[in-house]
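Data block below; observations after.
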Amino acid sequence: MTESQPRKPSVTKVQPVRGTHDLIGESARRHFHVIETARRVAATYGFDEWSTPIFEETAVFARGLGDTSDVVMKEMYSFTDRGGESLTLRPEATAGICRALVTNGLTQSLPQKVFYTGPMFRYERPQKGRYRQFHQIDVEVLGSPEPLADAEVIACGWSILQALGVAQDVVLELNTLGDRESRMAYREALIAYFSTHKEALSEDSRLRLERNPLRVVDSKDPGDKAIVADAPTIHPYLNEHSAAFYGKLREHLARIGVPVVENPRIVRGLDYYSHTAFEFVTSQLGAQGTVLGGGRYDGLVEEMGGPHTPCVGWAAGVERLSMLLAHPPAAPAGIAVIPAAEAQEGAALDIVQALRTAGLRAEMAYRGNLKRRMERANKTGAHTAIILGESELARGVAQVKNLSTGDQQEIALTDLAAKLA
RNA sequence: GCGGACGUAGCUCAGCUGGUAGAGCGCCAGGUUGUGGUCUUGGAUGUCGCGGGUUCGAGCCCCGUCGUUCGCCCCA
């Protein structure tokens, strides 16, 4: 830059933006272990990975959210670009995926089974397990109205949690919202019920009753909970189709062997949701207990301007899953190649490159005598040290030391890669 | 957006009723001229988050601010 723009007053001390965090060392290993495990398991279910832009036109996310939620302008990172367009850093993955489905013409080739991962952005008050830039993994089946798709999506989530070793800390809570007709009937019933208890409801819930009656059902207020306990559940209001759908889903899940706890208090506020709603919940993360949640959103693609396309999927927070991992993934161990003196550095460089070509993790410290380099080998967690001295090189061999047992033996240079593989 | 708690070396934390900072781990160097991890000896580290105020004097008291955290709200 030749001309300096007007700058903000220089910060006395740089620090990360509120609600963001760096991933380094163990935290990075936890993070990527979660993502790689999810990616691998999702692939076994036949999901293909997609990647879409990190920002979209604001309308992509605002559509369908309506005016009832705070979300739209209060909690999105929206900005106007130099061309005057309103853009938004994605707060979730699903909307972008649906947009991509429509704009790539894929509504002609359904179903699509999508795995997704990446950073998301929400302007919220940070807490443990809740950040302004956070990461999600997502699994979606686009274009399938069958309960088999719901079962598969849930089973995939369950398999990932099992593969991560956190399944025992988590329960699957399941509910149905029915189709539109059923949901409307239930909504009326809830309004009728809560209206007769209006005086006893918390102030928050009285507001919810007007804006979003279903949300009263998952209020955390102790007084509300007592009233909610006797509130109607949706089941009597499900029409034949919705009841059959829910029955079929439970049947599939039982057959797959996913343990289910039915929880009629799981609700969703927006109109494009229908039928299945579920959450895998842990008690180990305080208030941020949902570790993976999702359901069926048969109306979203249509609101995005596409054809009616029934979909089901879930999203999970990578940060929360990382915190649940009982054991941090081990740092990778490699081979340390150590010249005994500067004169052997060239030969050591040849060997470290040969080992890498053979697919082995191998390093040579940039500086230091034998002792320093041994210390460094130990610190970086190397499992083996290859020590190259003048006399050994003259004979075409190296000292190979097992750093966990301390055993050391001579191996011919030409055999190194094969013996250490 | 609302309410509470916290913020001291790289990390985890101690610091009495206000008298200009400590421990453990880690780091660096020696005990070893071609061998790490254990042991041992020595060493360096801090604008006590930041800004202001009270006071002869503030890590400690007061106000503000930034950040973290617990809960609420929200949860697409």
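Letters A, B, ... mirror the listed sequences (proteins, then strands); counts begin at 1.
Spacing of C1' atoms, B:G26 relative to B:U68, comes out at 23 Å, to the nearest Å. Rounded to whole Å, the separation between the P atoms of B:A58 and B:U20 comes to 11 Å. Across the P atoms, B:U54 and B:C62 are found 15 Å apart, a figure rounded to whole Å. Distance noted for atom P between B:A21 and B:C13: 23 Å (whole Å). Using atom P as the reference point in both B:G10 and B:U45, the two lie 12 Å apart (nearest Å). To the nearest whole angstrom, the two C1' atoms, one in B:C16 and one in B:C74, are 45 Å apart. Straight-line distance between the C1' atoms of B:U12 and B:G7: roughly 14 Å, to the nearest whole Å. Across B:G51 and B:A9, the matching P atoms stand 15 Å from one another, rounded to whole Å.
Rounded to whole angstrom, the span from the CD atom of A:Gln344 across to the P atom of B:U35 amounts to 14 Å. A:Asp204 places its CG atom 12 Å from the C1' atom of B:G1, with the value rounded to the nearest Å. Residue A:Tyr131 contributes atom OH, which lies 9 Å from atom P of B:U68 at whole-angstrom precision. If you measure from atom CD of A:Glu203 to atom C1' of B:C2, you get 12 Å, rounded to the nearest angstrom. Atom CD of A:Gln284 is separated from atom C1' of B:C70 by 17 Å (rounded to the nearest Å). Look at CE on A:Met76: it is 14 Å from P on B:C75, rounded to the nearest Å. Summarising the geometry, the separation between CD on A:Glu279 and P on B:C75 is reported as 12 Å, rounded to the nearest angstrom. Rounded to whole angstrom, the span from the CG atom of A:Asp22 across to the P atom of B:C11 amounts to 13 Å.
For A:Leu403, the listed nucleotide lying nearest its side chain is B:G36; candidates were B:G36, B:A76, B:U35. Checking B:C73, B:A76, B:C70 against every side-chain atom of A:Tyr273, the shortest atom distance belongs to B:A76. Relative to the side chain of A:Gln399, the nucleotides B:C72, B:U35, B:A76 differ in distance, and B:U35 lies closest. With B:C73, B:U68, B:U35 as the candidates, the nucleotide lying closest to the side chain of A:Gln127 is B:C73. Nearest to the side chain of A:Lys220, among B:U35, B:A76, B:C73, sits B:C73. The side chain of A:Ile387 has B:G34 as its nearest neighbour among B:G34, B:G36, B:A76. Of the candidates B:G67, B:G34, B:C75, the closest approach to any side-chain atom of A:Gln15 belongs to B:G67.
For the pair A:Glu410 and A:Arg395, the salt-bridge criterion is met [side-chain N within less than 4.0 Å of a carboxylate O]. Under the 4.0 Å criterion applied to side-chain N and carboxylate O atoms, A:Glu92 and A:Arg122 are not assigned as salt-bridge partners. With respect to A:Asp48 and A:Lys113, no salt bridge is recorded, no charged nitrogen being found less than 4.0 Å from a carboxylate O. Salt bridge annotation for A:Glu210-A:Arg206: absent, with no cationic side-chain nitrogen under 4.0 angstrom from a carboxylate oxygen. Ion pairing between a basic and an acidic side chain is recognised when a charged N comes within 4.0 Å of a carboxylate O; A:Arg99 and A:Glu303 show no such pairing. One finds no salt bridge joining A:Arg90 and A:Glu56 here, because no Lys/Arg side-chain nitrogen approaches an Asp/Glu carboxylate oxygen to under 4.0 Å. Looking at A:Glu36 and A:Arg39, no side-chain N of the basic residue comes within less than 4.0 Å of a carboxylate O on the acidic one, giving no salt bridge. Between A:Glu181 and A:Arg187, no side-chain nitrogen of the basic residue sits less than 4.0 Å from a carboxylate oxygen of the acidic one, so the salt-bridge criterion is not met.
Between A:His21 and A:Tyr131, a ring centre-to-centre spacing shorter than 6.0 Å is recorded.
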Distances under 3.5 Å between protein N/O atoms and the N/O atoms of nucleotides 3-9 of chain B, please, pair by pair.
| from | atom 1 | to | atom 2 | distance (Å) |
| --- | --- | --- | --- | --- |
| B:G3 | O6 | A:Arg125 | NH2 | 3.2 |

What are the atom names and distances for every N/O pair under 3.5 Å that joins the protein to nucleotides 38-44 of chain B?
none

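Looking at A:Arg132, its side chain never comes within 3.5 Å of a backbone N or O of A:Pro126 through a donor-acceptor pair. Between the A:Arg296 side chain and the A:Val312 main chain, no donor and acceptor come within less than 3.5 Å of each other.
Checking the phosphate oxygens (OP1, OP2) of B:A76, no side-chain nitrogen or oxygen of A:Arg122 falls inside 4.0 Å. Contact between the side-chain N/O atoms of A:Arg373 and the OP1/OP2 oxygens of B:G34 is not found at any separation under 4.0 Å.
The residue A:Gly19 sits close only to the backbone: its heavy atoms come under 4.0 Å of sugar-phosphate atoms, none of a base. Within 4.0 Å of A:Ser391, counting heavy atoms only, lies at least one base atom of the nucleic acid. Among the atoms of the strands shown, none is found under 4.0 Å from any heavy atom of A:Gly293. The residue A:Lys401 sits close to a base: some heavy atom pair falls under 4.0 Å. Within the nucleic acid shown, A:Gln136 has no heavy atom closer than 4.0 Å to any nucleic acid atom. Contacts of A:Arg90 with the nucleic acid, taken as non-hydrogen atoms under 4.0 Å apart, are absent.
Judged by Watson-Crick or G-U wobble contacts below 3.5 Å, the nucleotide B:G57 has no partner. Base pairing analysis places B:G67 opposite B:C6; the two distances defining the Watson-Crick or G-U wobble pair are each below 3.5 Å. Taking a pair to require two hydrogen-bonding distances under 3.5 Å in either a Watson-Crick or a G-U wobble arrangement, B:C72 pairs with B:G1. Pairing of B:U45, defined by two Watson-Crick or G-U wobble distances under 3.5 Å, is not identified with any nucleotide. Across all strands shown, B:C13 is found opposite B:G22 as a Watson-Crick or G-U wobble partner, with both distances under 3.5 Å.
Under 3.5 Å, the side chain of A:Asn378 and the base of B:G37 form no donor-acceptor pair of N or O atoms. Contact annotation: side chain of A:Gln408 to base of B:G36, donor-acceptor pair absent below 3.5 Å. You'll find a donor-acceptor pair under 3.5 Å spanning the side chain of A:Arg130 and the base of B:C74, going by distance alone. Put simply, the side chain of A:Ser404 and the base of B:G37 share no donor and acceptor less than 3.5 Å apart.
Ring planes of A:Tyr123 and A:Tyr77: perpendicular class, angle over 60° (limits at 30 and 60°). Ring geometry for A:His135 against A:His31 counts as perpendicular: the plane angle is over 60°, on a 0 to 90° scale with 30° as the lower cut.
In the displayed structure, A:Gln168 atom CD is contacted under 6.0 Å by more than 12 heavy atoms of other residues, nucleotides or ligands.
Residue A:Ala340 is the one, among A:Ser219 and A:Ala340, whose nearest nucleotide of RNA chain B lies closer to the 5' end (criterion: closest heavy atom). A residue-by-residue look at A:Glu92 and A:Thr405 shows that A:Thr405 has its nearest nucleotide of RNA chain B further toward the 5' end.
Between the CD1 atom of A:Ile266 and the CZ atom of A:Phe278 there is a distance of 9.5 Å, given to the nearest 0.5 Å.
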Review point. Tell me, for nucleotides 25-32 of chain B in 5' to 3' order, what letter each nucleotide earns: B for a base near a protein heavy atom under 4.0 Å, S for only sugar-phosphate near one, - for neither?
Key: --SSSS-B
Exercise for review: Using the salt bridge (charged side-chain N to carboxylate O under 4.0 Å, His left out) rule, take A:Arg373 and A:Glu345 through it: C-alpha gap first, then chi angles, then the decisive distance, then the call.
Suggested key: CA-CA 12 Å; A:Arg373 282 169 152 146; A:Glu345 247 183 25; 3.0 Å; yes
